[in-house]
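Computed from a prediction, not measured in an experiment: that's the story for all the values here.
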Amino acid sequence: MTLSPITIRRLANFRANRRGWWSMWIFAALFVLTLFAELIANDRPLVARVDGNWFFPVVADYAESDILPDGLPTDADWQDPELERAIAERGFAIWPPIRYRYDSVVRNLGRPSPAPPSARNWLGTDDQARDVAARVIYGFRISVLFGFTLTIIASCIGIAAGAIQGYYGGTIDLLFQRFIEIWSGMPQLYMLIILASIIAPGFWTLLLFMLLFSWMALTGVVRAEFLRGRNLDYVRAARALGVSDRAIMFRHILPNAMVATLTFLPFTLSGSVTVLASLDFLGFGLPPGSPSLGELLNQGKNNLRAPWLAFTGFVVLGTMLTLLIFIGEAVRDAFDPRKLPGGAR
């Protein structure tokens, strides 16, 4: 596939921003690693071999009697010292680097939780004796997935709404603008508190609620581009030739409007991640027990004698948002028409 000269120039401008270029690769590497969180942090072995039989506990449940002839017909507790000893005598088990899930309770700490970092728990444990490193890995994944999902769906809705406003203008634009002004003035936090008192917020429930207000972020930018683009000569010519409004909007005007829109997407993503962390910090986010960076920060606030909790949450969340901001700056430079390849203007 041959790239157009303008695409080549944008890619060159993006790579010229070294900070954004390396931030993109670092963020992508961290996100890909967390996608395989079950293979990195789990309270079950990745694979086990006992008496010549192979077991894959990460992807399947086994009863203890399936593993040992004299075992109980209950779900195997792979953290049980007796079961570990029997497996070591009859075969072997390969464990992930972190032998805990985000909801696993660390046994035999030897001291009250939260426990400080150690060779067993790299980032310590929280006040419920759960491994912080495992919760950070799972929390990073769910935060980014929530941010991506919210950003993509909200952007699609916002772009479509802004395109309709800007292209048709007149009464449609006027009524839509009044609706947006009223809807954006709704107290989101109070409505979320009311929602949490009625139903238990979950991933999809919270996503749907945030989507009701997040779609307006890009509407104004797209509306302005369509208001400008609908009066251009090539749009008037296409309309005179009988091209449908839908084709004109999404084939002729939208590509030009997307230039300004794409520069906002990394910042919208970072805002979505921040919103989820803020709601979890306040206790109105994901259900209790879910891996959450905001919940980790809240534990750090409630356990000042365990500074590793607040420090870990701050470093992870701050690093994530910093990488996204740097990527956003590089995307902005890539779509800046005044910027020449290599960063010169």
Going only through I, L, V, M, F, W and Y residues with side-chain contacts under 4.5 Å, is there a path from Ile159 to Leu212? yes
Are any side-chain N or O atoms of Tyr138 and backbone N or O atoms of Ser290, one a donor and one an acceptor, separated by less than 3.5 Å? no
Check for me, please, whether Leu206 and Val144 land in the same ILVMFWY cluster - side-chain distances under 4.5 Å, paths through other members count. yes
With rounding to the nearest 0.5 angstrom, report the OH to CD1 distance, Tyr234 to Ile248. 10.0 Å
Using the rule that Ile, Leu, Val, Met, Phe, Trp and Tyr join whenever any side-chain heavy atoms are under 4.5 Å apart, tell me whether Phe264 and Ile253 fall into a single cluster. yes
Rounded to the nearest 0.5 Å, what's the gap from CG on Leu317 to OG1 on Thr274? Could you check? 6.0 Å
Would the distance check show the side chain of Thr149 and the main-chain N or O of Phe146 forming a donor-acceptor pair, the cut-off being under 3.5 Å? no
Judged by modelled atom types alone, do Tyr167 and Asp245 share a side-chain donor-acceptor pair under 3.5 Å? yes
CG/Leu265 to CD1/Ile327 distance, rounded to the nearest 0.5 angstrom? 12.0 Å
More than 12 heavy atoms from other groups under 6.0 Å of CZ on Phe314: no
Surrounding CZ of Arg251 (heavy atoms of other residues, nucleotides or ligands, distance under 6.0 Å), is the total greater than 12? no
Evaluate whether atom CZ of Phe92 has more than 12 neighbouring non-hydrogen atoms of other residues, nucleotides or ligands under 6.0 angstrom away. yes
Point-to-point distance, once rounded to the nearest 0.5 Å, from OG1 of Thr261 to CG of Leu254: 7.5 Å
Do Phe267 and Leu323 sit in one hydrophobic cluster, given that two such residues count as connected whenever their side-chain heavy atoms are within less than 4.5 Å of each other, even indirectly? no
Please find the pair of heavy atoms, one from Val222 and one from Ala163, that lie closest to each other, and give the distance. CG1-N, 3.6 Å
In sequence, state the C-alpha distance, the side-chain angles, and the governing distance for Met249 and Phe226, and then conclude on side-chain contact (heavy atoms from CB on, under 4.5 Å). CA-CA 8 Å; Met249 291 169 60; Phe226 269 77; 3.9 Å; yes
Surrounding CG of Asp233 (heavy atoms of other residues, nucleotides or ligands, distance under 6.0 Å), is the total greater than 12? no
Kindly determine whether Arg44 and Asp61 satisfy side-chain contact (heavy atoms from CB on, under 4.5 Å), including the steps that lead there. CA-CA 10 Å; Arg44 299 182 177 189; Asp61 296 327; 2.6 Å; yes
Here's a test for you: under side-chain hydrogen bond (donor to acceptor under 3.5 Å, both in side chains), which of Gln79, Arg135, Arg130, Arg120 qualifies with Tyr100? Arg120
Can Met216 be reached from Ile182 by stepping across I, L, V, M, F, W or Y side chains whose heavy atoms are under 4.5 Å apart? no
Taking the six-membered ring for Trp and the single ring otherwise, decide whether the centroids of Phe148 and Phe31 are under 6.0 Å apart. yes
side-chain contact (heavy atoms from CB on, under 4.5 Å) evaluation trace for Val106 with Asn121: CA-CA 9 Å; Val106 182; Asn121 305 108; 3.7 Å; yes
State the CG-CG distance between Leu321 and Leu269, to the nearest 0.5 angstrom. 9.0 Å
Does one side chain, of Glu181 or Gln177, offer a donor that lies under 3.5 Å from an acceptor on the other? no
Return yes when atom CZ of Arg178 has more than 12 non-hydrogen atoms of other residues, nucleotides or ligands closer than 6.0 Å, and no otherwise. yes
Where the side chain of Glu64 meets the backbone of Asp75, is there a donor-acceptor pair that is under 3.5 Å apart? no
For the pair Phe179 and Trp183, name the ring-plane relationship: parallel under 30°, tilted 30 to 60°, perpendicular over 60°. parallel
Between the side chain of Ser292 and the main-chain N/O of Glu295, is any donor-acceptor distance below 3.5 Å? yes
Just by modelled atom types, is the Ala306 backbone N or O under 3.5 Å from a matching donor or acceptor in the Asn303 side chain? no
Distance-only side-chain donor-acceptor flag, Asn13 / Asp333, under 3.5 Å: no
